[in-house]
**Q** 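Could you have a look at this structure, given as structure tokens, before my questions?
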2 protein chains.
Amino acid sequence: MPVTLRDLANACAVDTSTVSRALRDDSRVAPATRAKVKAEAARLGYHPNLAARNLVTGRTHTVWFLAGGLEAPQNHQPATTAAKRVRECGLDLLVAVHHGDRAAHERLLLRLRQHLCDGALVIADGLDLESDLLVQLHADGFPLVFVDRHRADLDIPAVSSTNAEAAAELVHRCVAAGATTLVNLFNPGGNTVEDARSAGVRLAAEQLGLPVVGPDATLPATDWTVFASCESDARGWARRRALRLSRAGVFDAWHGDLPPGSVVHCADQDFAAMGALAADLLLDLMAGKAVEPGLRLVPIAGIRRITGD
Amino acid sequence: MPVTLRDLANACAVDTSTVSRALRDDSRVAPATRAKVKAEAARLGYHPNLAARNLVTGRTHTVWFLAGGLEAPQNHQPATTAAKRVRECGLDLLVAVHHGDRAAHERLLLRLRQHLCDGALVIADGLDLESDLLVQLHADGFPLVFVDRHRADLDIPAVSSTNAEAAAELVHRCVAAGATTLVNLFNPGGNTVEDARSAGVRLAAEQLGLPVVGPDATLPATDWTVFASCESDARGWARRRALRLSRAGVFDAWHGDLPPGSVVHCADQDFAAMGALAADLLLDLMAGKAVEPGLRLVPIAGIRRITGD
DNA sequence: TTGTATGCGTTATCAC
DNA sequence: GTGATAACGCATACAA
């Protein structure tokens, strides 16, 4: 049986309230008793029951990080920096994943309302973006911050990249590298991130006076460049259209090989900074500070030029 | 203010105990009252306070997964499968990371004793392998299972790969590919995984009648092959010794380029299976079933041959 | 500086 | 079938 405050109180011949105060370094307890209590606690191997403490204080000092999975840098990088920030404030960050499983996802959102954590960071994939539970949660004042994608219809604070600007810059660089026809694979209406990127492409194209075409357009033999959110989107599209992929503007990563002469521009998001900012916002929210709802944009880390030579 | 059992009891004009039973589908409650209670719970937006429930039942239905980080497949892959297994049993798995930070690590281990979870899976990196807290935890009967590395001096159940066999097989394949001098970078005494791999190399070398040398040995101009736990270990060694790395046997992954004519054998561990098995063991442990202490070996997923052509 | 009393929200053991 | 009642372990306003 675990050692409780009572056991300690008995061992020290004082009241449980005194023990409680002593262990929490309350200034009003005599140095001698405090020392005795602490010594006894160590001797008996006392460890507070946080379930009990949470029950009475109503706070758990715990933050959850909800994501679909752990593998993608989009998920684990913000989780990593957020964990550090949260820890600096004396709280713990716990990561929970749902693997895109609808039931699992609902269950996790339910857990948030069950007093196991004080707030949550949410990497909003498809499931979160539909769920009513999220709406109710927020309506009930539960501290919530979106990372990356978000729901524009809710005034939940959100952290994302400068997607529009980054997409526009991708266009400019690709055009400087010879592109004349821009294939826009960003899916407007898909989610807020895709929306922003698509808008960025259109804006840049307009400035440059170049045509933007969809995935199914007829293309010139050369000088087209495809823009997509990730390498596999671009590659998948090229495969379906039986095209040789040699020019692209993408986000986050490009691992695959490129044929000689080809060039890819890759905009790397600063997931670490996003996680840190999101954690800061959440901590403010949990502290009761006024946090403006709406989107925060974090500059991308940079744009890399990758060639096939 | 959150809705409590009492609010529900008042709204339904029954006792809290009846509400409690109704919500948990206790067979002794009248269908009519159950329906009414459930309807009212939905209407008022009731959500149980799990801190309170945990306090009285003594169980949290929660499992923690402790790791140094999330990025490495060694960490997130077992976490992923373990999460699924755990979820199937109606429990939740939460991932907590310490980033190699000593204080953070200690804090997490402390948390385990504070009734926030019923058991834990531990990816034992350097910190875990030293900590006394882990020993005490286990001594107090806290359900614990090691994944990958473990402490041989504790009878905590552990799941690892068939490291010795895999290392031996790496040697055999590399020798078949022309190796005659085997450079053993596996560090015996480092940890249980390195130990096993080092032993595997020595065993295979003995069978083949070939010499095993350490990282600082004088090498023939050619026909040596280096064995290491990961690509970066092998590359780091080659860099320090100003050697051109063209033959290696490693574990888990090889991403970098290889000069033409070179060949690397890579033993892929089955992290997913390891996570699943570890979860099963932990669940048994938590269910009070007798679980034999000691190491379980999961076969590696396979050995890939990578060439620089 | 310490003790007393009460309550946090829930489950469980009794009665009825 | 349902209702009192007593825990669970801890924190805290209030007394002393």
Side-chain angles (χ1 to χ4, degrees), chain A residues 1-38 40-41 44-62 90 110-118 140, chain B residues 1-38 40-41 44-62 90 110-118 140:
Chain A
M1 282 292 90
V3 182
T4 72
L5 272 193
R6 261 214 359 208
D7 300 327
L8 273 187
N10 292 338
C12 299
V14 293
D15 191 78
T16 58
S17 54
T18 302
V19 175
S20 174
R21 285 188 284 252
L23 291 178
R24 319 189 89 242
D25 285 322
D26 188 305
S27 56
R28 310 172 293 189
V29 58
T33 30
R34 180 183 318 182
K36 166 137 198 193
V37 166
K38 290 204 170 183
E40 207 66 12
L44 297 181
Y46 169 78
H47 296 276
N49 184 324
L50 295 193
R53 177 180 296 173
N54 297 345
L55 176 57
V56 45
T57 62
R59 310 215 32 238
T60 63
H61 297 279
T62 296
L110 271 181
R111 292 283 177 271
L112 297 184
R113 327 192 54 150
Q114 302 180 332
H115 306 87
L116 292 178
C117 60
D118 298 333
D140 291 353
Chain B
M1 280 293 88
V3 182
T4 72
L5 271 192
R6 253 194 38 184
D7 300 327
L8 273 186
N10 291 337
C12 298
V14 293
D15 191 81
T16 57
S17 51
T18 302
V19 174
S20 176
R21 284 188 285 251
L23 291 177
R24 319 190 86 239
D25 286 320
D26 188 305
S27 56
R28 308 171 295 189
V29 57
T33 27
R34 180 183 320 184
K36 167 138 196 192
V37 167
K38 290 203 170 182
E40 207 66 12
L44 297 181
Y46 169 78
H47 296 276
N49 184 323
L50 296 192
R53 177 180 297 172
N54 296 346
L55 176 58
V56 46
T57 62
R59 312 220 25 241
T60 63
H61 298 279
T62 295
L110 270 182
R111 292 283 176 270
L112 297 183
R113 326 192 56 149
Q114 301 181 331
H115 305 86
L116 293 178
C117 61
D118 298 334
D140 290 353

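Quick note on labels: first sequence line is chain A, next is B, and so on, each numbered from 1.
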**Q** Toward the 5' end of DNA chain C, which comes first, A/T18 or B/P2, by nearest nucleotide?
**A**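 In this pair, the answer is A/T18.
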**Q** Between B/N54 (side chain only) and B/L50 (backbone N and O only), is there a donor and an acceptor less than 3.5 Å apart?
**A** yes
**Q** Quick one, A/H47 and B/R111 - any side-chain contact, counting heavy atoms below 4.5 Å?
**A**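 No. Closest side-chain heavy atoms not under 4.5 Å.
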**Q** Just how far, in rounded Å, is P of C/dG9 from CG of B/N49?
**A**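 Rounded to whole Å, this separation is 7 Å.
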**Q** Kindly say whether A/T4 contributes a backbone atom to a donor-acceptor pair with the side chain of A/D7 at under 3.5 angstrom?
**A**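 Pair found, side chain donor or acceptor close to backbone of A/T4.
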**Q** Provide the start and end nucleotides, 5' to 3', of the part of DNA chain D that has atoms under 4.0 Å from heavy atoms of chain A.
**A** D/dG9 to D/dA13
**Q** Take the protein atom CD of A/Q114 and the nucleotide atom P of C/dG9, then report the distance between them rounded to whole Å.
**A** 15 Å
**Q** Tell me whether B/R24 is salt-bridged to B/D26, with the criterion being a basic N under 4.0 Å from an acidic carboxylate O.
**A** no
**Q** Between the side chain of B/D118 and the main-chain N/O of B/T60, is any donor-acceptor distance below 3.5 Å?
**A** yes
**Q** Report the distance from atom CZ of B/R28 to atom P of C/dC16, rounded to the nearest whole Å.
**A**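 Distance, rounded to whole Å: 17 Å.
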**Q** What does B/T33 touch in the nucleic acid at a heavy-atom separation under 4.0 angstrom: a base, only the sugar-phosphate, or nothing?
**A**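 It contacts sugar-phosphate atoms only.
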**Q** May I ask you to decide if A/V14's main-chain N or O and A/T18's side chain share a donor-acceptor pair within less than 3.5 Å?
**A**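 The answer is no, because no donor-acceptor pair under 3.5 Å joins these two groups.
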**Q** Pick the nucleotide of DNA chain D nearest each of B/V56 and B/V29; which residue has the one closer to the 5' end?
**A** B/V29
**Q** Just how far, in rounded Å, is P of C/dG3 from CG of A/L5?
**A**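 Interatomic distance, CG of A/L5 to P of C/dG3: 13 Å.
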**Q** Atom CZ of B/R21 to atom C1' of C/dT10: distance rounded to whole Å?
**A** 13 Å
**Q** Taking atom C1' of C/dT10 as reference, at what distance in whole Å does atom CG of B/L8 sit?
**A**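 It is 12 Å, rounded to the nearest whole Å.
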**Q** Any side-chain N or O of B/S17 less than 4.0 Å from the OP1 or OP2 oxygen of C/dT11?
**A** no
**Q** If only atom types and distance count, is the side chain of A/N49 paired as donor or acceptor with the main-chain N or O of A/A52 below 3.5 Å?
**A**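 Yes, the answer is positive, given that a donor and an acceptor are paired below the 3.5 Å cut-off.
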**Q** Rounded to the nearest Å, what distance is computed from the CZ atom of residue B/R53 to the P atom of nucleotide C/dC8?
**A** 18 Å
**Q** Without decimals, in angstroms, what is the distance between A/D15 CG and C/dT6 C1'?
**A** 13 Å
